[in-house]
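Here is the structure we will look at.
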Amino acid sequence: MTNAKRTAIITGAGQGIGRGIALRLAKDGLAVTINDLVRAQDAIEKTAEMIEKAGGTCRVTTGDVSRQADVDALVAGHVEAYRGLDVMVANAGIAETVHFMETTPEILDKTLAVNVKGVFNCYRAAAAQMIKQGQGGRLIAAGSVSAHKGGEWQSAYVASKFAVRGLNQTVALELAKYGITANIYSPGVVETPMWDSIDDVVTTFENKPKGSQFAKMLPNIALGRYAKPEDVAAVVSFLASEDSAYVTGQSIVVDGGIYFV
Ligand code: NAD
């Protein structure tokens with residue numbers, strides 16, 4: 001039980017953007033439950049340690065967002081501990097970097113399972129609780145500039161992020177009557193392990209120096225620097241807040257000026 005006024009769940013919070021969002025929402029005063037895969041147990045414990053050191057309130061859980069039972073248990077555990085749920089951040093996602101002609105049906109299935117079904121599971125379980133509470137809520141998910149524009153090497157990923165944007169718009173329409181908003185944050189190039197792996201695959205394939213794919217992105221960014229997880233977390237902080245009450249169905253692009261919606 002906590003005295004914190006509002007509470008949030010953040011998935012995929014063992015590293016990268018999810019960790020940044022968890023730290024930020026905890027700093028904003030929300031009591032958070034953070035999730036990641038079982039294999040990321042150490043990483044998620046590290047995030048919890050960082051939150052607690054900064055004076056935040058945090059619970060740690062493991063589970064796979066593509067499995068409905070895991071997500072239902074995640075929400076149920078959160079509600080039992082904190083007596084309610086105000087914000088769901090469906091952040092967990094994967095990006096397989098591979099040419100379209102080498103993208104197998106298995107890669108597509110796996111990507112859609114985590115990136116789309118994961119958001120679907122999180123939104124449904126959280127919304128059921130928010131409707132029961134009767135006080136509205138905030139559904140938030142990870143989009144990407146890839147939810148707006150195709151990109152080489154990422155057919156499955158791009159398909160999944162377009163799907164998330166479409167799903168989010170429909171959820172926003174259907175749940176508005178409950179005071180529940182649904183928005184996605186759509187980063188460009190963020191310095192996280194996900195981008196390290198994209199760079200690694202492309203440079204290996206093209207026999208180029210490590211880091212060169214990442215470096216290739218810089219001239220396209222108007223603000224002249226890559227994003228840090230904190231840049232994305234600041235936008236999520238707004239979307240999670242009561243100040244965003246009149247914003248729904250949107251994809252907020254957080255890319256330093258690469259892509260204009
Ligand atoms: P990351 O790979 O650094 O971290 C993702 C985290 O999600 C990891 O801790 C991983 O263990 C966890 N995860 C993966 N599958 C999971 C599952 N099935 N269940 C629970 N947890 C799972 O990624 P990131 O860069 O921090 O990206 C976070 C989100 O932002 C993703 O949805 C990604 O698509 C999106 N995004 C990232 C960028 C970027 O430049 N890094 C750009 C646009 C969008």
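Ligands are counted one by one from 1 in listed order, and the atoms in each one are counted from 1 as well.
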### Message
One residue to check: V189. Relative to ligand 1, which of side chain, backbone, both or neither has a non-hydrogen atom less than 4.0 Å away?
### Response
backbone

#### Entry: Those atoms of ligand 1 less than 4.0 Å from some heavy atom in G16
26 (O)

### Message
Regarding ligand 1, does V145 bring an N or O atom to under 3.5 Å of one of the ligand's N or O atoms?
### Response
no

### Query
Is a salt bridge present between D199 and K208, judged by a nitrogen-to-oxygen distance below 4.0 Å?
no

### Task
Out of A92, G118, S160, A227, indicate the one that has the non-hydrogen atom closest to atom 22 (C) of ligand 1.
A92

### Query
By number and element, which atoms of ligand 1 are closer than 4.0 Å to a non-hydrogen atom of A142?
29 (C), 30 (O), 32 (O)

### Message
Whether R24 and D28 form a salt bridge (side-chain N of Lys/Arg under 4.0 Å from carboxylate O of Asp/Glu) is what I want to check.
### Response
yes

### Task
For P187, counting its heavy atoms only, list the atoms of ligand 1 lying under 4.0 Å from any of them.
42 (C), 43 (C), 44 (C)

#### Entry: Output field: ring centroids F162/H148 closer than 6.0 Å
no

### Message
Please give me the minimum heavy-atom distance between L25 and A240, naming the atom from each residue.
### Response
CD2-CB, 4.0 Å

### Query
Are the charged groups of D86 and R138 less than 4.0 angstrom apart, N to O?
no

### Task
Starting from atom 34 (O) of ligand 1, find the nearest protein heavy-atom neighbour and note its residue, name and distance.
Y157 OH, 2.6 Å

### Query
Which residue holds the protein heavy atom closest to atom 6 (C) of ligand 1, what is that atom called, and what is the gap in Å?
G12 O, 3.6 Å

### Summary
atom 37 (C) of ligand 1: closest protein heavy atom, distance to 0.1 Å, is I17 CD1, 3.5 Å

### Query
Which residue holds the protein heavy atom closest to atom 17 (C) of ligand 1, what is that atom called, and what is the gap in Å?
L37 CD2, 3.5 Å

### Task
Could you check I34, I10, T47 and say which one makes a side-chain contact (heavy atoms from CB on, under 4.5 Å) with C58?
I34

### Task
Could you tell me whether the side chain of T11 and the main chain of A90 form a donor-acceptor pair under 3.5 Å?
no

### Summary
D64 heavy atoms within 4.0 Å reach ligand 1 at atoms 17 (C), 18 (N), 19 (N)

### Task
Report yes if the side chains of D255 and V145 come closer than 4.5 Å at any heavy-atom pair, otherwise no.
yes

### Message
Once you restrict to heavy atoms under 4.0 Å, what part of K161 touches ligand 1? Side chain, backbone, both or neither.
### Response
side chain

### Query
Any heavy atom of A141 sitting closer than 4.0 Å to ligand 1?
no

### Message
Using side-chain heavy atoms (C-beta onward) and a distance below 4.5 Å, is Y82 in contact with R59?
### Response
yes

### Query
Should P193 be listed as contacting ligand 1, given a heavy-atom distance under 4.0 Å as the test?
yes

### Task
Between V114 and ligand 1, find which residue part has any heavy-atom pair under 4.0 Å and reply side chain, backbone, both or neither.
side chain

### Task
Determine whether T57 and V32 make a side-chain contact, defined as any pair of heavy atoms from C-beta on separated by less than 4.5 Å.
no

### Summary
One finds that the ligand 1 atoms under 4.0 Å from a non-hydrogen atom of G143 are 35 (C), 44 (C)

### Task
Please confirm whether G18 comes within less than 3.5 Å of ligand 1 when only nitrogen or oxygen atoms on both sides are compared.
no

### Task
Determine whether L23 and M50 make a side-chain contact, defined as any pair of heavy atoms from C-beta on separated by less than 4.5 Å.
yes

### Query
Out of curiosity, is G63 lining ligand 1, as in a heavy atom under 4.0 Å away?
yes

### Message
Please list the nearest protein heavy atom to atom 12 (C) of ligand 1 with its residue and the distance rounded to 0.1 Å.
### Response
D36 OD1, 3.3 Å

### Summary
Of all protein heavy atoms, the one nearest atom 5 (C) of ligand 1 is G93 O, 4.0 Å

### Task
Check whether any side-chain heavy atom of N35 sits under 4.5 Å from a side-chain heavy atom of T62, and report yes or no.
no

### Task
Group every Ile, Leu, Val, Met, Phe, Trp and Tyr by side-chain heavy-atom contacts under 4.5 Å, then state whether I107 and W153 land in the same group.
no

### Query
What protein heavy atom sits nearest atom 4 (O) of ligand 1, and how far away is it?
Q15 NE2, 3.3 Å

### Query
Would G188 count as a contact of ligand 1 if the rule is a heavy atom under 4.0 Å away?
yes

### Task
Compare all side-chain heavy atoms of I9 with those of V89 and state whether any distance is below 4.5 angstrom.
no

#### Entry: Top protein contact for atom 25 (O) of ligand 1, by heavy-atom distance
T192 OG1, 2.5 Å

